[in-house]
Amino acid sequence: MRSYVASDIATLEPCRGYWVAATAECTIRATGTELNCYGANLTPGWNMIGSVYDPVAFDDLQVTPEGAVQMNVYLYNPPQLQSYQLTSTLSPGSAYWVSATRYCNLNVS
């Protein structure tokens with residue numbers, strides 16, 4: 001069974017997406033080294049991924065084996081929509097939900 005895992009906000013890992021629960025409006029600042037590419041091992045079903053330093057079109061990502069990832073990617077957008085939003089671009093500082101039909105590797109660059 002898949003589930004959420006609690007993480008210390010001081011030790012966030014590159015390439016991963018995170019949910020942050022806040023009791024009031026706030027700003028979270030993260031520092032670190034620019035990340036220009038990474039590979040993510042996805043499992044069947046929904047997976048949360050992060051982005052890289054520059055915006056990248058989801059269509060430009062490489063998936064092995066080809067066709068193992070559905071081309072719908074979602075961003076949770078609470079300030080404007082308070083719901084999930086279909087998007088085609090991965091932007092820095094955001095996390096995204098992607099659906100894999102089987103075990104695969106997603107290369108983000």
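From N107, atom CG reaches atom CG of D60 across 13.0 Å, with rounding to the nearest 0.5 Å. The distance from the CG atom of N105 to the CG atom of L42 is 7.5 Å, given to the nearest 0.5 Å.
Taking the side chain as every heavy atom from C-beta outward, R102 and P65 approach each other to under 4.5 Å. The closest side-chain heavy-atom distance from V108 to L61 is below 4.5 Å.
In terms of hydrophobic clustering, with Ile, Leu, Val, Met, Phe, Trp and Tyr side chains grouped at heavy-atom distances under 4.5 Å, W46 and F58 are assigned to different clusters. The cluster map of Ile, Leu, Val, Met, Phe, Trp and Tyr, joined by side-chain heavy atoms under 4.5 Å apart, puts V69 and M48 in different clusters. No continuous path of hydrophobic side-chain contacts links W97 to L106 [ILVMFWY only; heavy atoms under 4.5 Å]. The hydrophobic cluster containing V63 also contains V98, counting ILVMFWY residues as joined when their side-chain heavy atoms lie under 4.5 angstrom apart, directly or transitively. Taken together through direct or relayed side-chain contacts under 4.5 Å among Ile, Leu, Val, Met, Phe, Trp and Tyr, Y103 and I49 form parts of separate hydrophobic clusters.
Under the side-chain contact (heavy atoms from CB on, under 4.5 Å) criterion, S94 pairs with L75, Y96, sequence neighbours left out. Applying the ring pair (Phe, Tyr, Trp, His ring centres under 6.0 Å) test to Y38 and every residue at least two apart in sequence or in another chain returns nothing. With sequence neighbours excluded, the residues forming a side-chain contact (heavy atoms from CB on, under 4.5 Å) with Q70 are S99, T101, listed by chain and number.
Scanning all heavy atoms of the two residues, the minimum distance from D54 to S51 falls at O-OG, 4.5 Å.
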Please lay out, stage by stage, how L86 and N72 fare under the test side-chain contact (heavy atoms from CB on, under 4.5 Å). CA-CA 7 Å; L86 187 62; N72 296 328; 3.9 Å; yes
